[in-house]
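A quick note: this is a predicted structure, and the numbers were derived from the prediction, not measured.
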Amino acid sequence: MEKSSARLKVFAILVLVMFAALSTRLWFLQVLATQVYAEEAQNNGVRSVAIDALRGQIWTEDQYGKPNGQPLVQNRSSLEVRVDKQELEESGIGEQVLGELSAMLDIPVKQIRRDLESKLYFDYQPKPVAEFVDEEVAFAIRERQEHFPGVQVRNASVREYPMGTTASHMVGWVGQVQRAQLEQDEFPTCDGSGPSTRCYGPNDLAGQTGLEAQYEKWLRGRKGFQRYVVNSDGERIRDLGGQQPTPGGELVLTIDSEWQRAAEEHLEESILRTRQVFDEDSSSYFKADAGVVIVLDVETGGLKAMASWPDYDPRWFVRGLKRDEVCYLGLNEKCSGADKVAPLLNRAYQEVYLPGSAFKPFTALAAVKEGYADLGTGYACPSEYVHPGDESGASFSNWSSQDLYPGSLAEHLIISCDSSFYAWGSDFWFRYQNDQLGENNEPLQKDLRAWGFERPTGVDMPGEASGFLPDAEWGNADEQKDLFGQGGWNPGGYILTMIGSGYMSVTPLQLATAYGAIANEGHMCRPHVVDRVMASDGETQLRKVNGQCDRTVPYTRAELDYVRNALTQVPLRGTARSAFYGFPLDEIPVAGKTGTAFRGDQFQDTSWFAAMVPANDPKYVVVAMVEQAGFGSDVAAPLVRRMIETMYGIESDAPVVTQTGQD
């Protein structure tokens with residue numbers, strides 16, 4: 001009995017001791033160690049790492065959805081080596097690993113160390129040190145993973161171009177997001193406050209030109225993210241899960257891949273052949289340094305082809321530019337002999353030109369609208385024209401040194417007479433002067449703006465130029481005193497504008513859109529390259545891009561048909577007859593207009609041809625322009641013929657350059 005009582009006393013004492021110990025420990029944790037553990041807890045935090053979304057592909061209309069369809073732009077994997085700096089340092093063999101990596105990747109150790117110190121990534125993120133790694137190297141690292149602690153081989157997504165340089169100006173290229181972009185509202189920056197599927201960090205990619213830039217928000221998709229718990233030293237403690245990224249939308253273009261490829265090939269061939277032709281006026285061979293071909297669907301505004309030369313290879317931007325490529329692209333002003341023709345420029349809509357006589361259909365209709373010309377009267381076509389009352393003796397020359405036979409307005413379009421257009425320019429001047437119309441109230445400029453000149457067409461591409469129409473407000477400005485003298489705006493401004501010369505300018509796309517309105521009974525369509533945006537599943541349509549053909553020009557159908565019918569004679573018996581010799585015009589009638597734009601003695605003439613096909617029921621407008629190439633009938637017209645033959649499957653051995661000496 002006494003033994004049991006003693007045991008109970010011992011047990012009670014042990015319980016009291018244990019309770020006292022627990023109470024003391026609890027008091028210590030709650031009172032004495034509170035600050036210590038609070039600081040440790042505070043030093044642990046949750047960090048989020050963004051996971052990039054797969055960028056959307058870009059397809060031509062004729063390739064999208066086909067079993068063997070080939071996109072213009074898609075994604076491919078790049079084997080990328082990344083190094084977890086934390087794990088590497090903890091391994092104790094970091095220097096040895098860096099030495100082996102340097103030898104395998106052919107990258108100096110110093111460069112790898114610099115990459116590991118990069119501030120573009122968090123310290124707890126594996127940092128990239130090499131991309132486009134050979135499969136043999138990647139296999140060697142993976143096979144001996146225990147010898148490469150902290151080293152990872154990952155598949156990264158990069159842009160690929162199955163059709164090579166085709167449509168390079170349209171699709172553009174992707175690069176590291178620029179500071180200027182991050183200052184724009186559509187590029188929200190990541191502030192580190194939490195996961196965001198839309199924000200941009202300094203190491204993110206973004207479209208820089210072309211469709212890649214214009215449709216960035218659709219192509220980019222939504223980022224995913226992965227959460228980690230890390231301590232104050234940036235060491236990972238555990239994963240907390242996250243969210244998978246959503247792939248970007250896919251662009252389906254209005255472009256026909258075969259027409260686009262043919263436009264680029266015909267354009268380059270035409271330019272190279274033109275350079276072999278001797279120009280007697282300049283006593284040198286034609287430079288033919290740049291050009292454009294456009295095919296426009298007149299009923300929808302969809303662009304079926306849009307070629308600009310010189311071009312570039314977008315694959316250069318994927319692997320990184322070499323010095324000679326940087327110089328060729330004009331990205332470094334210090335390059336000796338750097339190419340001055342700006343191959344990154346899409347001349348179809350980003351550059352302006354004098355259109356020459358290809359502009360006459362629109363000034364002719366303006367003369368009809370204002371009552372200076374009609375559709376039935378005959379007009380003289382002398383070799384020279386002098387503005388009435390001009391005592392200076394200045395004269396304006398026709399393209400022909402001989403007086404041509406009088407004829408109707410239609411006939412003057414067919415033979416491209418300049419003199420009658422000069423006279424109508426004088427009429428516009430007298431109207432301005434006698435009626436004291438004042439600035440911003442000149443009928444010629446108003447009539448031409450109705451066709452969309454001097455304002456962007458609204459094409460869904462970035463950086464569109466506007467063109468220019470000289471007027472009294474501009475001509476009377478102090479800046480133009482060297483051009484017009486103290487008297488200010490004078491008749492020459494109107495006279496030269498009437499033939500697409502002087503100080504005016506248009507983009508090739510503006511001209512194509514205006515011809516589209518003639519072909520489409522006066523309805524003007526906003527040109528566009530993208531037809532629709534599709535989700536990555538290939539079934540859900542995210543956006544439909546419309547041509548908006550609801551704007552009309554202020555002319556009757558009879559007036560528009562009169563001009564179009566007149567232009568059908570240009571390839572038959574007018575200035576383009578040599579270029580279309582042997583073409584089946586009875587089966588596929590073509591209505592077109594040549595143009596030769598004089599740019600001053602320091603440049604050779606710009607060659608133009610604009611066509612509507614088939615002329616009896618136009619479906620397409622085809623425009624070609626070649627800089628410093630001479631007459632429109634010699635270069636641009638044969639180029640348009642080649643393009644039309646491709647479109648309609650016509651076999652031909654017609655020359656790509658002729659020599660007629662006609663406007």
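In this structure, Glu521 does not pair ionically with Arg564, as no charged nitrogen and carboxylate oxygen lie closer than 4.0 Å. A salt bridge is defined here as a Lys NZ or Arg NE, NH1 or NH2 lying under 4.0 Å from an Asp or Glu carboxylate O, and Glu265 with Arg261 fails to meet this definition. A salt bridge links Asp418 with Lys360; the closest basic N to acidic carboxylate O contact falls under 4.0 Å.
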With ring pair (Phe, Tyr, Trp, His ring centres under 6.0 Å) as the test, would you mind laying out the steps for Tyr515 and Phe362 before giving the verdict?
-> CA-CA 9 Å; Tyr515 271 89; Phe362 312 104; 5.2 Å; yes
Start with the C-alpha gap between Tyr555 and Trp451, add the side-chain angles, then the distance that decides, and say whether ring pair (Phe, Tyr, Trp, His ring centres under 6.0 Å) holds.
-> CA-CA 11 Å; Tyr555 297 95; Trp451 294 96; 5.5 Å; yes
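Between the side chains of Ser257 and Asp62, a donor-acceptor pair is found at a separation under 3.5 Å. A donor atom on one side chain and an acceptor atom on the other are found under 3.5 Å apart for Asp289 and Gln628. Side-chain atoms of Glu627 and Tyr353 form a donor-acceptor pair, as typed in the model, at a separation below 3.5 Å. Side chain to side chain, Thr575 and Ser416 fail the donor-acceptor criterion of an N or O pair below 3.5 Å.
In this structure, Glu61 CD and Asp531 CG are separated by 5.0 Å, a value rounded to the nearest 0.5 Å. If you take CG on Asp550 and NE2 on His523, they are separated by 10.0 Å, rounding to the nearest 0.5 Å. Once rounded to the nearest 0.5 Å, the distance linking CD1 of Ile499 with OG1 of Thr363 reads 9.0 Å. Rounded to the nearest 0.5 Å, atoms CZ (Phe583) and OH (Tyr648) are 8.5 Å apart. Atom-to-atom distance recorded for Phe428:CZ and Asp447:CG is 6.0 Å, nearest 0.5 angstrom. The distance from the CE atom of Met306 to the CD atom of Glu264 is 10.5 Å, given to the nearest 0.5 Å.
Taking Asp279 as the reference, Ser282, Gln604 meet the side-chain hydrogen bond (donor to acceptor under 3.5 Å, both in side chains) condition, with sequence neighbours excluded. In this view, Asn346 satisfies the side-chain hydrogen bond (donor to acceptor under 3.5 Å, both in side chains) rule with no residue, not counting sequence neighbours. Listed by chain and number, the residues in a side-chain hydrogen bond (donor to acceptor under 3.5 Å, both in side chains) with Asp311 amount to none (sequence neighbours excluded).
Using bins of under 30°, 30° to 60° and over 60° for the plane-to-plane angle, the ring pair Tyr432/Tyr494 lands in the tilted bin. Taking the six-membered ring where the residue is Trp, Trp424 and Phe421 present perpendicular rings, their angle passing 60° and hence far from 30°. A tilted orientation is assigned to the rings of Tyr385 and Phe396, their planes being inclined by 30° to 60°.
A donor-acceptor contact shorter than 3.5 Å is absent between the side chain of Glu442 and the backbone of Asp471. Between the side chain of Tyr562 and the backbone N or O of Leu375, at least one donor-acceptor pair lies under 3.5 Å. A distance-only check finds no donor-acceptor pair linking the side chain of Lys287 to the backbone of Ala629 [under 3.5 Å]. Panel note: side chain Glu454, backbone Arg449; no donor-acceptor pair is recorded below 3.5 Å. Counting only distance, with no hydrogens or angles, the side chain of Tyr312 and the backbone of Ser168 share a donor-acceptor pair below 3.5 Å.
Considering only heavy atoms from C-beta on, Val621 stays 4.5 Å or farther from Ile518 through its side chain.
For the ring pair (Phe, Tyr, Trp, His ring centres under 6.0 Å) test with Tyr503, the passing option among Trp474, Phe468, Trp489 is Trp474; the others fail. Checked against Met625 for a side-chain contact (heavy atoms from CB on, under 4.5 Å), the options Leu511, Thr507, Val292 give a single hit: Val292. Checking Glu464, His528, Arg526, Gln510 one by one against Thr457, the side-chain hydrogen bond (donor to acceptor under 3.5 Å, both in side chains) holds for a single residue, Glu464.
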